Amino acid sequence: MRTFLHQTEEIIGYLQQNPYLFRGSEKENVFEVLVSKHNLLLYQITQAHKQVELISFWDSRQSPNKKHKAK
């Protein structure tokens, strides 16, 4: 069984190759990817620096209405 850390590192590797690979969210330039069964990684792409910034991890068992307020 892969660990949470290993899964996160694997996703970061995908983001390095193609930051637009995962689905967008209702916020502009914010994307989300499911890391494990109950953990969602939120990230944004800064156009000025062409960088990916990890915003937060979200427990998907919480209310989705609070997702973008957690920043």
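Values in this document were obtained by computation on a predicted structure and should not be read as measured data.
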Could you tell me which non-hydrogen atom of [X] sits nearest to which non-hydrogen atom of [Y], and how far apart they are?
X	Y	value
V52	L15	CG1-CD1, 4.1 Å
F22	F31	O-CD2, 3.4 Å
L34	I11	O-CD1, 3.8 Å

From CD1 (I12) to CD (Q16), nearest 0.5 Å: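 Between atom CD1 of I12 and atom CD of Q16 there are 7.5 Å.
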Nearest-0.5 Å distance, CG of residue L40 to CZ of residue R61: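 Interatomic distance, L40 CG to R61 CZ, rounded to 0.5 Å: 12.5 Å.
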Donor-acceptor pair, side chain of S25 and main chain of V30, under 3.5 angstrom: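 Pair found, side chain donor or acceptor close to backbone of V30.
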Hydrophobic cluster identity match, L21 and V35, side-chain contacts under 4.5 Å: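 In one cluster: yes.
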Verify same cluster id: V33, Y14 (apolar side-chain graph, 4.5 Å):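 Yes, same cluster.
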Salt bridge (Lys or Arg N to Asp or Glu O under 4.0 Å) involving E10 - partner list, sequence neighbours excluded: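 Counting only residues at least two positions away or on another chain, E10 forms a salt bridge (Lys or Arg N to Asp or Glu O under 4.0 Å) with R2.
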F4 atom CZ, neighbour heavy-atom count above 12 within 6.0 Å: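 Yes, the 6.0 Å shell around CZ holds more than 12 heavy atoms from other groups.
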Centroid separation F57 to Y43 less than 6.0 Å: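 Centroid separation for F57 and Y43: 6.0 Å or greater.
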Counterpart residues, side-chain contact (heavy atoms from CB on, under 4.5 Å), relative to S60 (two or more places apart):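 side-chain contact (heavy atoms from CB on, under 4.5 Å) check on S60 returns H38.
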Stepwise side chain to side chain contact (heavy atoms under 4.5 Å, CB included) test for E32 and L41: CA-CA 5 Å; E32 50 191 47; L41 171 61; over 6 Å; no
From CA spacing to verdict: side chain to side chain contact (heavy atoms under 4.5 Å, CB included), T46, E53: CA-CA 7 Å; T46 60; E53 294 179 351; 3.5 Å; yes
